[in-house]
There are 2 protein chains.
Amino acid sequence: MPLPSRVTDLTSFDLLLSVAELGSIGRAAKAHGISQPAASARLRQLERQVGVPLLERATRGARLTTAGELVAGWALPAVERAADLEAGIAALRADRHTHLRIAASLTVAEYLLPRWLIALRAADPDTVTALSSGNSHEVAAQVLAGDVDLGFVEGPELPPGLRASDVATDELVLVVAPGHRWASRRRRPRAAELAGTPLVSREPGSGTRQAWEWALRACGETELAAPLLEVSSTTAIKAAAIGGIGPAVLSAHAVVPELDAGTLVRVPVPDLDLRRRLRAVWPSGQTLRGPAADLLAIALRSRTEG
Amino acid sequence: MPLPSRVTDLTSFDLLLSVAELGSIGRAAKAHGISQPAASARLRQLERQVGVPLLERATRGARLTTAGELVAGWALPAVERAADLEAGIAALRADRHTHLRIAASLTVAEYLLPRWLIALRAADPDTVTALSSGNSHEVAAQVLAGDVDLGFVEGPELPPGLRASDVATDELVLVVAPGHRWASRRRRPRAAELAGTPLVSREPGSGTRQAWEWALRACGETELAAPLLEVSSTTAIKAAAIGGIGPAVLSAHAVVPELDAGTLVRVPVPDLDLRRRLRAVWPSGQTLRGPAADLLAIALRSRTEG
DNA sequence: CAAAGGCATAACCGTAGCCTATGCATCCAT
DNA sequence: ATGGATGCATAGGCTACGGTTATGCCTTTG
């Protein structure tokens, strides 16, 4: 289901947010590096598309109307997530002139790292960060080899030679579409049924899938059903689960919006321990310095909030 | 700080997500209503901008690379929030041919309603919803007058003639920039100090501001300091607080991303009860039917998740 | 071995969005 | 009062981006 074109271009909404913050169209235009007429035209067109006045133009500036408040409130999360996306891409892109090299497992890279990088840029504006992603073993190997300054891994194992510090907790959750039988309290599955039910799943080798299978084995289930559908990306798994293809297992971080909206329902599985520690790792010999130390501090600081 | 242009246009990222879901560039193109060459060109350009291959083109379709996975993972939340924005705008825009009329206080309209509307559209695709926003008194009046079918209010008061049902809990939180003295555990303020400290605040009459002042008065504080800065929008308050202008009070929903990132720090205020019930209201005479009943069911369903 | 499915390239075209220049209204200071 | 400053709107002209159709090449499949 593609996004309607009305909201694919966030520029006008970003501009609206700047007007809210700065109090005038002209100042917002300057902040965005465009001319005042261009900003004025964009905002006018935005109002036409929304069908409701968003700004009160006074002679001394412009303020948001009530509708403008609402639109700005809805636009802000979209812009913030786009900023996360930008931070991630910047870290993928960075190749040369890099001051900080990090490696992260998929869960950390996807859900935690972008905002840490934004916070890092606020602290050290000139630091360029390069990110490589892989499974926890690969990350640990890169740290040990000195290819990266700091790594983030999931899971309990840790090769010798590394120091570690907990930065977050991840939890796998079993989710189904609202109509599924497991969605009702009465029909919650136990470990044996889970092991015997085909799920929508990632490829073998994916950290999430491994963790799920380990948790079932730790529970005494050795016969695991083959996946119902193997797809390449978290995105596709969510789409399949929402579409009612079948149950899926995903990181709790991945499904927060769907649980909020009720498009997916979480199925508690008290039999299984699905929690995982997410940890920062670095060579045990050395003390972290510079941007690496700052990033670790940021990660630890955000930990205290959760 | 405007968004870099690389991520202002979500079209290409949305297309990437469709490729992840559908397995081929051509099918993704069709889903978006554009030609296959157009999609191919967009994705190629996206790869150029990111600087890393995102897709493995096979003769039988296309799959995401590891980097593509990451980008898709970062892009999905942005696209989802844009979908929320779209749902909100659609509800603001709807004027004629409307089947369901609702009114909501700002907090509900901003943070909860868009996803409910998306879920409602999944349930009743043909329903057109019109939203009006106001403070809780206005919402209640509109429901009583029959101007809307369903309302959402915050706060404890409820005029006679309305039935109500809890759909969520809101909580105000006091936040400061990480460097502020209150950020450290040792220096947390008590009610008296809070009452005497100027805050970054919304105009008088805003529900958030009223609730904060009531909570302080309930605590025996009658002398409240004048605001440090009065700004018109939540956006501007967040920007001011992050910039270190001063402490601010906001809905917990509003600052989740900032707390996650560590750009704002929550200051616990055990003295004050800052929780508020968010409730759906409708005329006590009648039983809800049709889309209004569906929307209430969706709101109640999402309540069980939090 | 033919056919089909899927991606890339080429050539053409329409329009959306930007800029500069200018006008008009309002507020403020002298 | 009045001139200056501030801020938004309008007009005209230009560029460039993104779309379409047509076509070619490669690989898998029956």
Side-chain angles (χ1 to χ4, degrees), chain A residues 2-50 52-65 67-68 72 231-232 236, chain B residues 2-50 52-65 67-68 72 75 231-233 236:
Chain A
L3 213 47
S5 66
R6 217 186 294 168
V7 294
T8 46
D9 184 10
L10 295 182
T11 313
S12 304
F13 296 100
D14 196 21
L15 194 59
L16 181 70
L17 292 172
S18 291
V19 174
E21 197 174 325
L22 302 174
S24 105
I25 296 179
R27 271 193 291 276
K30 190 174 295 181
H32 285 247
I34 63 177
S35 69
Q36 171 266 319
S40 181
R42 284 208 92 110
L43 291 167
R44 199 157 280 287
Q45 177 188 339
L46 183 63
E47 286 179 307
R48 268 208 359 259
Q49 285 181 352
V50 177
V52 177
L54 304 176
L55 291 174
E56 274 177 26
R57 280 102 167 148
T59 170
R60 211 82 202 130
R63 297 173 66 85
L64 296 186
T65 63
V231 282
S232 64
Chain B
L3 213 47
S5 66
R6 216 188 294 171
V7 293
T8 45
D9 184 9
L10 295 181
T11 314
S12 303
F13 296 101
D14 195 22
L15 194 59
L16 182 69
L17 291 172
S18 290
V19 173
E21 197 174 324
L22 301 173
S24 102
I25 295 178
R27 271 194 290 278
K30 190 173 295 181
H32 285 247
I34 62 175
S35 68
Q36 172 266 319
S40 181
R42 283 207 92 109
L43 291 166
R44 199 157 281 285
Q45 176 188 341
L46 184 62
E47 286 179 307
R48 268 209 358 260
Q49 284 181 352
V50 177
V52 177
L54 304 176
L55 292 174
E56 277 177 24
R57 280 101 167 149
T59 171
R60 211 80 203 128
R63 298 171 66 82
L64 297 187
T65 62
V231 281
S232 63
S233 75

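All values derive from a computational prediction rather than experimental measurement. Here is how names work: the chains are called A, B, and so on, in the same order as the sequence lines, proteins then strands, and each is numbered from 1.
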Could you tell me whether the phosphate oxygens of dA8(C), OP1 or OP2, come under 4.0 Å of any side-chain nitrogen or oxygen in R57(B)?
yes
For S24(B), which contact category applies under a 4.0 Å heavy-atom criterion: base, sugar-phosphate, or nothing?
sugar-phosphate
Here the distance between atom C1' of dC17(D) and atom CZ of R6(B), to the nearest Å, is 19 Å
Would you say T8(B) and D9(A) make side-chain contact, with heavy atoms under 4.5 Å?
yes
From C-beta outward on A38(A), which listed nucleotide comes closest to its side chain: dC19(C), dG6(C), dT20(D)?
dC19(C)
If I compare all heavy atoms of I25(B) with all of Q36(B), which pair ends up nearest, and what's the gap?
CG2-O, 4.5 Å
Taking side chain as C-beta onward, heavy atoms only, is L16(B) less than 4.5 Å from L55(B)?
yes
Within less than 4.0 Å of OP1 or OP2 of dC18(C), is there a side-chain N or O belonging to Q36(A)?
no
Position toward the 5' end of DNA chain D (nearest nucleotide), R60(A) or P37(A):
R60(A)
Drop me the distance from H32(A)'s NE2 to L22(A)'s CG, to the nearest 0.5 angstrom.
8.0 Å
I want to check one thing: is the phosphate of dG18(D), taken as OP1 and OP2, less than 4.0 Å away from some side-chain N or O of Q45(B)?
yes
L46(A) atom CG is separated from dG17(C) atom C1', nearest whole Å, by 15 Å
Could you check how far NZ of K30(A) sits from C1' of dG7(D), rounded to whole Å?
11 Å
What is the separation between atom CG on L10(B) and atom P on dG18(D), rounded to the nearest whole Å?
14 Å
In whole angstrom, give the distance that lies between atom CG of D9(B) and atom C1' of dC17(D).
11 Å
Looking only at side-chain N and O atoms, does S35(A) come under 4.0 Å of OP1 or OP2 in dC19(C)?
yes
CD1 of I34(B) to CG of L15(B), rounded to nearest 0.5 Å, is 5.0 Å
Mapping T59(A) and G33(A) to their closest nucleotides on DNA chain C, which lands nearer the 5' end?
G33(A)
Quick check on dA9(D): is either OP1 or OP2 less than 4.0 Å from any side-chain nitrogen or oxygen of S40(A)?
yes
Can you tell me which nucleotide in dT9(C), dG18(D), dG6(C) comes closest to the side chain of R44(B)?
dT9(C)
Specify the separation, in whole Å, of atom CD of E47(A) and atom P of dC8(D).
12 Å
Distance check needed: dA9(D) C1' versus R48(A) CZ, whole Å only.
15 Å
Considering only side-chain heavy atoms of I25(B), which listed nucleotide, dT26(C), dC7(C), dC8(D), is closest?
dC7(C)
To the nearest angstrom, the CG-C1' distance between L15(A) and dG17(C) comes to 13 Å
